[in-house]
Amino acid sequence: MAIEHGRGALLNSAESIAELARLSETAGLEVAGTVVQAIRRLHPGTLIGAGKIDEVRALAEARGATVVVFDDELSPAQQRNLDKRLGVRVIDRTQLILDIFAQRATSQAGKLQVELAQLEYLLPRLTRAWTHLSRLGGGVVGARGPGETQLEVDRRRVRERIAALRRRLEQVSRTRALHRESRDAVPYPTVALVGYTNSGKSTLMNALTQAGVLVADQLFATLDPTVRRLRLADGGEALLVDTVGFIHKLPHGFVDAFKSTLEEVQKAHLLLHVVDGSDAHAAQHIEVVERVLGELGADGTQRLTVFNKQDLPGPHDLRRLVSGPSCAVSARTGAGIGDLVRQISTLLAAQQERLHVFIPVGRGDLLAALHQGGRVAEQILQDGTFEVTAYVPPKVAGRIRKALGAGGRGSGVGVGEG
């Protein structure tokens with residue numbers, strides 16, 4: 001059920017309800033029919049008008065439908081009223097997406113994040129679930145009725161669980177921060193894949209790294225992040241991170257609940273914004289992703305737009321939509337992958353600085369850090385000292401300087417011009 005109400009949505013009602021149908025199928029539902037209503041003013045109690053409610057109920061009865069899915073988010077009161085009027089279970093896009101996430105989460109962090117989002121969605125709806133009992137009075141003046149008691153117990157338990165989940169997710173976030181610190185000890189630049197759901201991010205990751213990530217023609221086929229090593233064109237390496245896809249009308253609280261997963265996007269040196277180049281709505285999908293990146297505070301991170309699925313019919317000529325660097329590939333066939341790797345290597349190299357140092361032969365750990373964390377352009381051994389010229393990220397350069405101390409050959413370090 002989609003609503004046209006002129007609020008500046010990125011996708012029109014037909015496109016949005018087609019996406020809702022795909023989401024429903026992804027969740028395991030069979031679509032029996034669709035209904036669209038164009039209205040100027042949303043009905044506060046039921047979202048749609050009385051006549052449209054009768055139409056939806058008649059269609060549900062005729063098709064044997066047991067669930068009605070609304071494309072717009074419903075308030076607790078609207079959902080309760082529609083349940084009564086339609087006589088079937090009523091859910092909205094937010095609940096549908098959360099159900100999909102619950103099916104797809106496999107890691108402990110993913111399951112915790114999904115449960116947190118579901119409980120935060122449930123809490124305001126729970127407050128109205130017992131109104132038929134809350135009117136019952138107690139036996140003495142001032143005593144609470146059984147409905148009020150049950151409501152308070154339920155709300156308190158949900159809030160306690162939400163608080164516990166937040167604490168556990170903070171631990172997950174700290175653990176991931178430690179993992180990032182261990183990666184920084186042998187530092188590789190991080191490249192994060194972002195994009196609209198089903199844009200082909202997982203297929204692209206497999207093409208770049210042979211990661212073996214699940215690939216399916218479904219929305220949100222991948223929920224938990226995957227990290228793999230990517231061999232760069234100059235012989236160096238980077239870490240490639242696949243993240244959850246974004247979507248139109250992203251549920252409220254998504255960014256907050258999935259903060260520990262999306263931290264990989266926030267910390268990345270480079271974002272690969274993967275766009276389905278065969279999709280007629282690619283421009284709108286790009287805007288959705290840019291909005292979410294803005295919410296994450298990653299809108300200033302350098303990015304490379306990758307127009308994927310060039311082997312499929314579609315508009316393709318989309319580079320005019322972005323101002324930064326871009327390339328066209330087919331992750332499925334491998335076309336353009338070599339050019340993509342070269343562009344990634346060039347953009348990462350531009351973020352590095354030239355370091356000219358003298359490393360004592362006994363400090364093989366520092367020499368290894370230069371080789372692993374950057375590109376060594378020249379290495380000469382003379383009188384028990386390595387004279388090295390390398391291009392490395394600023395963090396690596398800082399670590400090497402700190403380890404060797406400031407100064408020239410005597411202290412083991414000299415810095416050349418960038």
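Both backbone and side-chain heavy atoms feed into the values below; hydrogens, waters and symmetry mates do not.
Partners of E290 under the salt bridge (Lys or Arg N to Asp or Glu O under 4.0 Å) rule, at least two apart in sequence or in another chain, are R303. Every residue meeting the side chain to side chain donor-acceptor pair (under 3.5 Å) condition with D276, not counting sequence neighbours, appears here in chain and number order: S278, K309. For T301, the side-chain contact (heavy atoms from CB on, under 4.5 Å) partners at least two apart in sequence or on another chain are L271, A298. Considering only residues two or more places apart in sequence or on other chains, D299 meets the side chain to side chain donor-acceptor pair (under 3.5 Å) condition with none of them. Judged as a salt bridge (Lys or Arg N to Asp or Glu O under 4.0 Å), and not counting sequence neighbours, R168 has no contacts. Residues forming a salt bridge (Lys or Arg N to Asp or Glu O under 4.0 Å) with E25 (at least two apart in sequence, or on another chain): none. Residues passing the side-chain contact (heavy atoms from CB on, under 4.5 Å) test with A60, sequence neighbours excluded: A65. In terms of the side-chain contact (heavy atoms from CB on, under 4.5 Å) criterion, residue partners of E115 (sequence neighbours excluded) are, by chain and number, L119, R161, L165. Annotation: side-chain contact (heavy atoms from CB on, under 4.5 Å) contacts of D54 (sequence neighbours excluded): R57. Listed by chain and residue number, nothing satisfies the salt bridge (Lys or Arg N to Asp or Glu O under 4.0 Å) test with D99 (two or more places apart in sequence, or in another chain).
Expressed to the nearest 0.5 Å, how far CG of L112 lies from CD of Q171 amounts to 9.5 Å. One distance of note links OG1 of T305 with CG of L321; it measures 9.5 Å at 0.5 Å rounding. Rounding to the nearest 0.5 angstrom, the gap separating the CG atom in L86 from the CD1 atom in I53 is 6.0 Å. Interatomic distance, D279 CG to F307 CZ, rounded to the nearest 0.5 Å: 12.0 Å. Distance OG/S16 to CD1/I247: 8.5 Å, rounded to 0.5 Å. Rounding to the nearest 0.5 angstrom, the gap separating the CG atom in L23 from the NZ atom in K249 is 11.0 Å.
Residues Y391 and V396 fail the side-chain proximity criterion, which asks for heavy atoms closer than 4.5 Å. Residues I344 and L232 meet the side-chain proximity criterion, which asks for heavy atoms closer than 4.5 Å. Taking 4.5 Å as the limit, some side-chain heavy atom of T209 sits within range of a side-chain heavy atom of L240. Contact check for K267 versus T190: no side-chain heavy atoms found under the 4.5 Å cut-off. Between R85 and V56, every side-chain heavy-atom pair lies at or beyond the 4.5 Å cut-off. Using a 4.5 Å cut-off on side-chain heavy atoms (C-beta onward), I162 and V158 make contact. For the pair R228/L239, no side-chain contact is recorded, criterion being any heavy-atom separation below 4.5 Å from C-beta on. Side chains of S199 and V275 form no contact here, defined as non-hydrogen atoms less than 4.5 Å apart.
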I48 and Q37: side chain to side chain contact (heavy atoms under 4.5 Å, CB included), yes or no, with the steps?
CA-CA 8 Å; I48 57 176; Q37 181 178 25; 3.2 Å; yes

So R342 and D339, side chain to side chain contact (heavy atoms under 4.5 Å, CB included) or not? Walk me through it.
CA-CA 5 Å; R342 285 188 289 272; D339 179 53; 3.8 Å; yes

Could you walk me through whether R167 and E170 pass the salt bridge (charged side-chain N to carboxylate O under 4.0 Å, His left out) test, one step at a time?
CA-CA 5 Å; R167 288 193 296 270; E170 286 175 4; over 6 Å; no

For side-chain hydrogen bond (donor to acceptor under 3.5 Å, both in side chains), just list the numbers for D242 and T226, CA-CA rounded to whole Å, side-chain angles, deciding distance to a tenth of an Å, and then say yes or no.
CA-CA 5 Å; D242 186 16; T226 305; 5.3 Å; no

V191/V241 under side chain to side chain contact (heavy atoms under 4.5 Å, CB included): CA gap, chis, key distance, verdict:
CA-CA 6 Å; V191 181; V241 184; over 6 Å; no

Chi angles and distances behind the side chain to side chain contact (heavy atoms under 4.5 Å, CB included) call for L98, Y121
CA-CA 9 Å; L98 292 176; Y121 176 84; 3.9 Å; yes

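Here R291 pairs with E287 in a salt bridge; the nearest charged N to carboxylate O distance falls below 4.0 Å. Residues R157 and E160 are not paired through a salt bridge, judged by the lack of any N-O separation under 4.0 Å between the basic side chain and the carboxylate.
When every heavy atom of A21 is checked against every heavy atom of V31, the shortest pair comes out as O-CG2, 3.9 Å. When all heavy atoms are compared, the tightest approach of L370 to A390 is CD2-CB, 4.3 Å. The shortest heavy-atom contact between A27 and L96 is CB-CD1, 3.7 Å. For L340 against V329, the heavy-atom pair with the smallest separation is CB-CG1, 4.2 Å. In terms of heavy atoms, Q351 sits closest to P394 at O-CD, 3.4 Å. Taking each heavy atom of S326 and Q343 in turn, the nearest pair found is O-NE2, 3.3 Å.
A donor-acceptor contact shorter than 3.5 Å links the side chain of Q78 to the backbone of S75. Looking at R231, its side chain does come within 3.5 Å of a backbone N or O of G235 through a donor-acceptor pair. Within the 3.5 Å criterion, the main-chain N or O of H248 finds a donor-acceptor partner in the side chain of Y196. T243 contributes a side-chain N or O that, together with a main-chain N or O of L193, makes up a donor-acceptor pair within less than 3.5 Å.
Counted by atom type alone, Q302 and H269 present zero donor-acceptor pairs between their side chains at under 3.5 Å. Side-chain atoms of S330 and Q310 form no donor-acceptor pair, as typed in the model, at a separation below 3.5 Å. Side-chain atoms of Q95 and E73 include no donor-acceptor pair closer than 3.5 Å.
Counting non-hydrogen atoms of neighbouring residues, nucleotides and ligands closer than 6.0 angstrom, the CD atom of E30 reaches no more than 12 such neighbours.
Listed by first then second residue, pairs satisfying salt bridge (Lys or Arg N to Asp or Glu O under 4.0 Å) with a partner in residues 88-98 read E19-R93, D71-R93, D92-R125, not counting sequence neighbours. Residue pairs meeting the salt bridge (Lys or Arg N to Asp or Glu O under 4.0 Å) criterion with at least one member in residues 321-334, sequence neighbours excluded, are D311-R332.
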